[in-house]
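Handing you a structure now.
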Amino acid sequence: QQQVKQSPQSLIVQKGGIPIINCAYENTAFDYFPWYQQFPGKGPALLIAIRPDVSEKKEGRFTISFNKSAKQFSLHIMDSQPGDSATYFCAASKAGNQFYFGTGTSLTVIP
Amino acid sequence: DSGVTQTPKHLITATGQRVTLRCSPRSGDLSVYWYQQSLDQGLQFLIQYYNGEERAKGNILERFSAQQFPDLHSELNLSSLELGDSALYFCASSVGVSRDTEAFFGQGTRLTVV
């Protein structure tokens with residue numbers, strides 16, 4: 001059973017566009033929500049993370065929006081660049097340090 | 001380069017065999033995490049060690065075991081291998097034990113079971 005549901009599976013946008021990746025969860029015990037970026041042949045790298053006490057967090061061109069009541073969170077990439085082309089994973093964690101990952105979104109930014 | 005070293009990079013072995021994957025964490029990092037990434041299961045957290053002690057357990061099969069040694073390197077042992085164990089296995093390390101301490105991933109070991 002997938003604890004974190006991620007969509008879409010793949011996404012193609014033009015340079016400068018704003019891709020949005022969505023994730024949803026059911027377990028209200030989750031209290032830490034990171035996003036990871038993975039390039040081909042590399043391990044994932046932490047991009048940005050949020051806790052449910054805030055509704056939005058920005059780091060550079062990356063923004064997480066969090067809706068606690070809907071149990072949904074999303075990643076927005078402002079002014080997307082070809083170098084942002086990668087696979088993005090959302091995740092959720094609860095006390096006890098276990099992490100549950102979404103299935104990943106393959107993003108392609110066309111020049 | 002994340003500073004996390006995993007060996008070997010590639011491993012091909014037969015069903016029923018046992019293999020050991022090795023991870024050297026970044027200098028100063030006390031936590032080591034193991035993950036499995038496969039096409040059908042996606043990215044799954046397996047286990048975390050902190051300063052030699054097991055701290056968290058995820059979807060790790062009984063056929064799999066791990067440990068962290070006094071020099072902080074870690075090994076993941078996979079036994080009675082099945083075709084479905086073919087995957088990328090990542091190790092990550094972080095300074096602290098808390099889950100919101102950034103963990104840095106190695107480049108992974110690609111295991112192919114034939």
Side-chain angles (χ1 to χ4, degrees), chain A residues 1-10 21 23-25 27 29-54 57 59-60 62 64 66 73 75 86-106, chain B residues 1-7 9-10 21 23-26 29-51 53-60 66 87-110:
Chain A
Q1 182 186 355
Q2 195 71 30
Q3 297 254 5
V4 179
K5 295 182 179 174
Q6 183 172 346
S7 63
Q9 189 174 356
S10 63
I21 304 170
C23 287
Y25 64 98
N27 191 338
F30 290 143
D31 63 357
Y32 177 67
F33 302 89
W35 284 89
Y36 294 85
Q37 180 188 56
Q38 185 177 25
F39 293 104
K42 303 286 187 184
L46 180 65
L47 197 57
I48 186 173
I50 197 168
R51 287 206 176 256
D53 52 346
V54 297
K57 183 174 181 179
E59 283 188 10
F62 300 93
I64 300 179
F66 190 86
F73 57 110
L75 177 70
T87 300
Y88 294 80
F89 293 92
C90 62
S93 176
K94 56 184 180 178
N97 285 10
Q98 293 189 14
F99 282 81
Y100 300 88
F101 291 85
T103 48
T105 296
S106 175
Chain B
D1 182 8
S2 67
V4 178
T5 304
Q6 290 188 246
T7 56
K9 286 190 168 44
H10 302 275
L21 312 184
C23 170
S24 294
R26 295 187 319 154
D29 284 359
L30 298 178
S31 266
V32 169
Y33 303 78
W34 285 98
Y35 297 86
Q36 179 194 58
Q37 186 172 37
S38 62
L39 284 175
D40 55 344
Q41 298 284 340
L43 191 57
Q44 291 202 86
F45 165 70
L46 296 179
I47 198 163
Q48 177 199 5
Y49 278 83
Y50 177 77
N51 204 21
E53 299 290 327
E54 182 185 305
R55 288 305 299 256
K57 212 165 189 175
N59 295 326
I60 188 166
L88 257 176
Y89 290 85
F90 287 107
C91 166
S93 74
S94 66
V95 169
V97 66
S98 170
R99 55 212 155 100
D100 55 4
T101 305
E102 182 175 0
F104 295 84
F105 284 73
Q107 295 207 349
T109 292
R110 182 171 293 281

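All chains are named by letter (A, B, ...) in the order of the sequence lines, taking the proteins before the strands, and each is independently numbered beginning at 1.
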message: Does atom NZ (K42(A)) have a neighbourhood of more than 12 heavy atoms from anything else shown, all under 6.0 Å?
response: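 No - once you tally the heavy atoms of other residues, nucleotides and ligands closer than 6.0 Å, there are 12 at most.
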
*Around atom CZ of R110(B), are there more than 12 heavy atoms of other residues, nucleotides or ligands at under 6.0 Å?*
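Incorrect, the count does not exceed 12.
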
Interchain contact, E102(B) with chain A, by part (heavy-atom threshold 4.5 Å) =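 Both parts, backbone and side chain.
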
Q) Does any non-hydrogen side-chain atom of R51(A) lie less than 4.5 Å from one of D100(B)? A) yes

Would you give the length of the straight line joining atom CG of L46(B) to atom CD of Q98(A), rounded to the nearest 0.5 angstrom?
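If I round to the nearest 0.5 Å, the distance is 11.0 Å.
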
Q: Would you mind checking which part of Q2(A) comes under 4.5 Å of any heavy atom in chain B, side chain (CB onward), backbone (N, CA, C, O), both or neither?
A: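 Contact with chain B is absent: no heavy atom of Q2(A) under 4.5 Å.
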
If one checks every heavy atom of Q37(B) against chain A at 4.5 Å, the contacting part turns out to be side chain

Cut-off 4.5 Å, heavy atoms of chain A, and the answer for F104(B) is neither

The interface call for F99(A) against chain B, heavy-atom contacts under 4.5 Å, is both

Report task. Give, as side chain, backbone, both or neither, the part of S93(A) having an atom under 4.5 angstrom from any heavy atom of chain B. Result ->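 Both backbone and side chain of S93(A) come within 4.5 Å of chain B.
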
If one checks every heavy atom of P34(A) against chain B at 4.5 Å, the contacting part turns out to be neither

Whatever's closer than 4.5 Å to a heavy atom in chain B on Y100(A) counts as neither

